[in-house]
Amino acid sequence: MNLIEESFRRLFPEEEFAYTTELAYNRRLGNFNANIRRKRTALAVNLNLHWKAIDNEIKIGLIQHLLLKVFKRRGRTPNIALYYNFIKNAHLVAPKTKSDPILEASFQRMNEQFFSNTLERPNLRWGKAAFRKLASYNFHSDTITVSTLFQTAEPGLLDYLLYHEMLHKHLKFRQGGERCSYHSREFREAEKRYPEQEKREKEIEAIIRNQQRTLRRKKSFWGWL
Ligand SMILES: [Zn+2]
């Protein structure tokens with residue numbers, strides 16, 4: 001079965017399929033990641049190697065999800081629903097290999113305080129010294145990544161970032177219509193349970209502003225030389 005063609009036909013039953021296709025598996029993509037490219041009448045789909053062992057019906061959902069993106073269309077099929085369900089549970093099979101003592105201590109504090117120690121530990125890692133994306137949660141690899149800017153932050157601040165990302169893991173994404181909503185009302189309400197939440201938000205903004213100022217100063221210093 002040509003999976004790309006099958007996915008397309010089920011997704012757009014009225015339309016003619018006039019594309020050449022290429023489906024490849026590779027190791028470079030992150031756990032259960034995938035992408036699609038379209039060049040005129042050629043469609044190429046790349047899947048992370050882990051997809052190889054997964055049922056075709058779920059793969060069709062994934063490819064349909066990618067087709068909607070590449071054709072800028074909206075839609076919902078039973079296969080797409082299967083795929084979303086699968087991804088919501090991908091953390092169960094994602095290998096847990098990364099951790100760090102500072103992040104782990106923070107995770108444990110938050111797990112005890114807000115989740116009665118019921119949240120399964122994801123991978124925990126430091127990212128780059130990013131001041132735009134301070135922290136993130138990747139559903140596919142079950143990984144929380146935190147900007148190294150927070151390596152020296154006081155625990156209360158780091159905890160707040162961790163709590164935010166743990167909420168993502170806990171609430172997953174809710175399928176509201178065709179768009180995933182990550183920061184739902186439920187999410188924002190849960191976030192407010194963090195002690196002095198507004199103060200923490202302001203402190204984080206201050207850290208970002210400081211960092212940007214330092215960067216600008218460095219730049220102008222070297223510019224002057
Ligand atoms: Zn978020």
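Because the structure is predicted, anything quoted here is derived from the model rather than measured.
- Looking at L23 and L47, their side chains come closer than 4.5 Å, going by heavy atoms from C-beta outward.
- Every residue two or more places apart in sequence or in another chain that forms a ring pair (Phe, Tyr, Trp, His ring centres under 6.0 Å) with F86 is listed here: F32, W51.
- Under the 4.5 Å side-chain contact rule for hydrophobic residues, L124 and L157 share a cluster.
- Taking 4.5 Å as the limit, some side-chain heavy atom of I63 sits within range of a side-chain heavy atom of L3.
- H65 and Y84 have perpendicular rings, their planes meeting at more than 60° on a 0 to 90° scale where under 30° would count as parallel.
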Report the C-alpha separation of N46 and R37 in whole Å, then their side-chain angles, then the decisive distance to 0.1 Å, and conclude whether the side chain to side chain contact (heavy atoms under 4.5 Å, CB included) test is met. CA-CA 9 Å; N46 262 304; R37 269 171 303 135; 3.6 Å; yes
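- For the residue pair N138 and T143, no side-chain donor N or O sits within less than 3.5 Å of a side-chain acceptor on the partner.
- Interatomic distance, NE2 of H170 versus CG of N111, reported as 10.5 Å (0.5 Å rounding).
- The distance from atom CD of E203 to atom CD of E196, rounded to the nearest 0.5 Å, is 8.0 Å.
- Counting heavy atoms of neighbouring residues, nucleotides and ligands inside a 6.0 Å radius, atom CZ of R188 exceeds 12 of them.
- When the shell of 6.0 Å around CD of E201 is examined, it contains more than 12 heavy atoms from other residues, nucleotides or ligands.
- Ionic pairing of R73 and E15 is present here: one or more N-O contacts between side-chain nitrogen and carboxylate oxygen are shorter than 4.0 angstrom.
- A donor-acceptor distance shorter than 3.5 angstrom exists from the side chain of S147 to the backbone of A130, with no hydrogens or angles considered.
- Listed by chain and residue number, H164, H168, H183 satisfy the ring pair (Phe, Tyr, Trp, His ring centres under 6.0 Å) test with F187 (two or more places apart in sequence, or in another chain).
- Under the 3.5 Å distance criterion, the side-chain polar atoms of N85 are left unmatched by any main-chain donor or acceptor of K88.
- Within the 4.5 Å cutoff, the side chain of T148 has no heavy atoms near those of the K128 side chain.
- Geometrically, K169 does not engage Y137 in a cation-pi contact defined by less than 6.0 Å to the ring centre and at most 45° from the axis.
- No side-chain N or O of R125 forms a donor-acceptor pair with one of S99 less than 3.5 Å apart.
- Around atom NZ of K133, no more than 12 heavy atoms belonging to other residues, nucleotides or ligands sit under 6.0 Å away.
- In this structure, E165 has no salt bridge (Lys or Arg N to Asp or Glu O under 4.0 Å) partners at least two apart in sequence or on a different chain.
- Residue E104 qualifies as enclosed at atom CD: its count of foreign heavy atoms under 6.0 Å is above 12.
- With rounding to the nearest 0.5 angstrom, the CZ atom of R193 is 7.5 Å from the CZ atom of F114.
- With a 4.5 Å cut-off on side-chain heavy atoms, I144 and M166 count as touching.
- Side chain of N48 to backbone of N33: no donor-acceptor contact under 3.5 angstrom is found.
- In this structure, a donor-acceptor pair under 3.5 Å is absent between the side chains of D142 and N123.
- Scanning both residues, L68 and G75, for their nearest heavy atoms gives CD1-O, 3.4 Å.
- Atom CG of N117 and atom CD of E112 lie 5.0 Å apart (nearest 0.5 Å).
- Within the 4.5 Å cutoff, no side-chain heavy atoms of L43 are placed close to those of E22.
- A salt bridge does not link E189 with K192: none of the charged nitrogens is closer than 4.0 Å to a carboxylate oxygen.
- Contact of the M110 side chain with the Y194 side chain is registered, since non-hydrogen atoms from C-beta on lie closer than 4.5 Å.
- By the 30° and 60° cut-offs, the orientation of the rings of F115 relative to Y163 is tilted.
- For E5, the salt bridge (Lys or Arg N to Asp or Glu O under 4.0 Å) test picks out R9, with sequence neighbours left out.
- At a threshold of 4.5 Å between side-chain heavy atoms, the hydrophobic network of Ile, Leu, Val, Met, Phe, Trp and Tyr places L29 and I58 in two separate groups.
- Atom CD1 of I36 sits about 9.0 Å away from atom CG of L62, to the nearest 0.5 Å.
- With a 4.5 Å cut-off on side-chain heavy atoms, I102 and W126 count as touching.
- Residues R10 and E6 are paired through a salt bridge, judged by an N-O separation under 4.0 Å between the basic side chain and the carboxylate.
- In E198, the CD atom is not crowded: 12 or fewer heavy atoms of neighbouring residues, nucleotides or ligands sit closer than 6.0 Å.
- For the residue pair Q64 and S7, no side-chain donor N or O sits within less than 3.5 Å of a side-chain acceptor on the partner.
- For A81, the side-chain contact (heavy atoms from CB on, under 4.5 Å) test picks out R76, with sequence neighbours left out.
- E57 and N79 share a side-chain donor-acceptor pair at under 3.5 Å.
- Here the closest non-hydrogen pair linking K52 and K59 is O-NZ, 3.5 Å.
- With respect to R200 and E205, no salt bridge is recorded, no charged nitrogen being found less than 4.0 Å from a carboxylate O.
- Closest heavy-atom contact between P122 and F107: CD-CE1, 3.5 Å.
- With sequence neighbours excluded, the residues forming a ring pair (Phe, Tyr, Trp, His ring centres under 6.0 Å) with Y19 are F8, F17, F71, listed by chain and number.
- In this structure, L158 and L103 have side chains that are in contact, with non-hydrogen atoms separated by less than 4.5 Å.
- To the nearest 0.5 Å, the span separating CD1 on I204 from CZ on R209 amounts to 12.0 Å.
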